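Read the numbers this way: they start at 1 and go in the same order the structure lists the ligands and their atoms. Since this is a predicted model, take the numbers as computed values, not measurements.
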Amino acid sequence: MQENAAAAGRLLPSRSMSTSTQTSTASARSTVSSHRPGVTQAWSLTLIPTTREAPNDAEVPSHVLLHRAGFIRQVGAGIYDYLPLAWRTLNKISDIVREEMSGADAAEMLMPALEPFELFNGTKRHETYGDNLFRVTDRKGRLNALAPTHEEVITQLMLGCVSSYKQLPLTLYQIQTKFRDEARPRAGLLRCREFIMKDAYSFHMNVEGPGGLNEAYDKMYTAYSNIFKRCGLDFTAVEAESGPIGGSASHEFMVNCASGEDTVLKCPVSGYAANVEKCEIGARPKGTLTEAPSGELTEVHTPNLPGIEEVGKFMKVKPDRMLKTVVFAVPGESGRWIVAVVRGDHEVNEGKVKALAGVGAVELAPVDAAKKAGFAVGYVSPRVVNTVPGVLMLIDADASLGGFWASGADKADHHVKHFNWRREVGAALDDKSKVIVGDVRNAVEGDPSPRAEGAKLVTGRGIEVGHIFKLGTKYSDAMGFAILDEKQGKRSVIMGCYGVGVSRAMAAAVEQNHDENGILWPAAIAPYHVLITIMKPEDAGHRKAAGDLAKALNAEGIDVLIDDRDERAGVKFKDADLTGIPVRLTVGDKALEAGGVEFKLRKDVAGKGEVVAMGQVLPRALAALNA
Ligand code: ATP
Ligand code: MG
């Protein structure tokens with residue numbers, strides 16, 4: 001992957017690479033210089049409330065460790081304080097994001113978090129967001145929302161400022177707090193109700209060609225790859241479902257991590273990777289739907305069994321020999337039903353249902369309406385294609401094979417054994433307007449790869465830290481944002497949108513970089529690069545040695561935290577492990593007598609420190625941090 005110039009992979013700017021004229025005065029340097037000096041912070045003068053106690057509800061390491069290391073404190077469900085260490089890391093991530101956004105020709109701005117509800121009139125996004133949207137009524141009784149993202153706000157802004165193709169393309173972004181009333185805020189910063197996001201929006205007259213959406217999207221893809229690489233994250237860019245836009249491209253950037261909520265599938269041969277909503281499956285054998293019955297159709301009474309698992313156990317049938325029949329409605333088309341049939345151990349994939357049925361949207365059939373239409377909800381069998389009018393049945397390839405099948409019995413509390421496609425469904429199977437066999441399920445481990453013959457998909461878990469979308473004209477159409485093109489005609493503006501979960505990325509970094517003693521920050525986003533622990537803070541010689549070292553390190557852009565607390569050495573070292581600053585220097589009598597300090601890396605915490613001469617500390621630290 002090609003990298004932006006800004007992302008040359010260097011952690012710290014070095015004087016030799018600086019393009020501005022170097023001067024020796026600090027004041028000149030702080031006015032105009034590409035060289036940013038590091039900072040020094042005394043531990044005693046900041047707030048780092050380390051603790052042994054993990055939060056009661058903690059489910060994942062990042063939640064435990066960010067709390068224990070004094071980075072975050074919970075204010076309410078899914079609402080957190082970012083303490084000084086966290087704020088420094090968040091700013092470092094934001095700085096990387098800014099450099100890469102610049103590299104992708106995006107300009108920074110800031111929009112309000114509070115948005116008048118009328119902005120949703122055109123897009124109706126308050127309906128799509130549903131309860132996730134925070135609603136705020138003001139003193140005049142007017143409804144506002146706390147923004148979950150800013151498509152409407154920015155489209156409105158552009159509507160007022162841009163009237164001609166000559167003003168495009170344009171990409172704008174902000175780093176800002178977002179609000180979503182998540183049903184289940186969990187896992188500390190990974191899923192919050194208030195969180196920090198970078199959101200960018202691009203505007204174009206064309207999809208293809210110079211200045212078009214595809215060009216901006218590719219630049220963003222590169223920028224995102226650079227951002228997560230520079231943050232020290234191990235990630236996979238996966239093809240993703242593009243949501244309500246349909247057809248357009250979308251990629252998610254997933255931090256590879258067992259505690260991730262998202263399932264990712266990869267083909268080890270072709271490199272194809274997709275999230276489970278999007279993942280295609282390679283060619284699979286289909287049944288002929290003429291296979292002979294395995295036995296006589298037998299009804300079984302199965303009361304009070306909540307799921308397929310329980311029904312299977314009760315009937316002594318494995319889930320992979322059961323047919324799961326899911327009924328969908330087509331929004332806005334009452335009386336039209338799409339019934340998807342998959343094996344009991346598989347999951348129906350809504351996106352694939354839509355694609356195979358050739359409809360723009362589906363929703364799980366509302367129970368009342370489905371019952372009224374004649375579906376025995378919870379006990380539906382494929383026979384409904386003959387008994388309920390308006391049904392299109394989609395059979396997943398694996399469910400279309402012959403052999404023994406158990407299925408619902410189309411009456412409450414009953415299932416059947418020895419279901420046979422031909423005997424039970426008959427001629428409808430040959431009517432292409434009623435029955436289609438294809439792919440309507442989520443891919444699973446071991447499925448054939450869609451991109452390399454003979455290869456099998458493998459699954460992994462991921463944390464979504466970024467998402468890029470080709471929006472097309474969804475928002476501009478909904479909000480009437482059309483401008484003059486080269487031929488003086490009016491055309492809807494084509495848009496893209498691009499999000500990074502800044503606060504989630506910090507937590508994801510901890511998920512990937514920790515041990516039993518604490519965090520191991522990747523150097524580029526560590527709150528400080530070097531921790532100097534003073535063994536005897538009351539000793540002026542110790543304090544001076546620490547101060548001198550810090551100054552020398554700062555001059556080369558290294559950020560230093562000095563643990564000057566009057567605490568036992570054991571406490572300080574435990575806190576050093578917890579907070580995870582990559583390079584550790586200890587100022588003590590023995591090392592000072594030998595003309596140096598003890599030098600240790602957080603990642604080698606089990607090993608013994610080594611005494612390094614004062615003059616060697618800077619090159620050693622730089623080498624470790626830039627490694
Ligand atoms: P998810 O699927 O995890 O709910 P999303 O797809 O709804 O996220 P987007 O609308 O794509 O999220 O938002 C862009 C980025 O913002 C996401 O890639 C993610 O990193 C981050 N993000 C979204 N929701 C949250 C949240 N509740 N807490 C923290 N970060 C979030
Ligand atoms: Mg997303």
- prompt: Is D138 atom CG crowded by more than 12 heavy atoms from other residues, nucleotides or ligands, each under 6.0 Å away?
  reply: yes
- prompt: Are K456 and D447 within salt-bridge range, i.e. N to O under 4.0 Å?
  reply: no
- request: Step through it carefully: locate the ring centre of Y224, locate the ring centre of Y221, and say whether they are under 6.0 Å apart.
  value: no
message: Counting C-beta onward and ignoring hydrogens, is there a side-chain heavy-atom pair between E99 and I227 closer than 4.5 Å?
response: no
task: For side-chain hydrogen bond (donor to acceptor under 3.5 Å, both in side chains), just list the numbers for E511 and S259, CA-CA rounded to whole Å, side-chain angles, deciding distance to a tenth of an Å, and then say yes or no.
output: CA-CA 8 Å; E511 290 296 322; S259 63; 2.8 Å; yes
- request: For the residue pair I281 and R441, establish whether any side-chain heavy-atom pair is separated by less than 4.5 Å.
  value: yes
task: Anything with a heavy atom under 4.0 Å from ligand 1 counts, so go ahead and list those protein residues by chain and number.
output: R180, E182, L189, L190, R191, C192, F195, M197, E464, V465, G466, H467, G501, R504
message: If you take the centroid of each ring, where Trp contributes its six-membered ring, are F253 and H467 closer together than 6.0 Å?
response: no
message: Inside 2.8 Å of the Mg ion (ligand 2) but strictly below it, how many protein N/O/S atoms are present?
response: 2
Within-4.5 Å side-chain heavy-atom neighbours: V493 and I483: yes
- prompt: Under 6.0 Å from the CD atom of E363, do we count more than 12 heavy atoms belonging to anything else shown?
  reply: yes
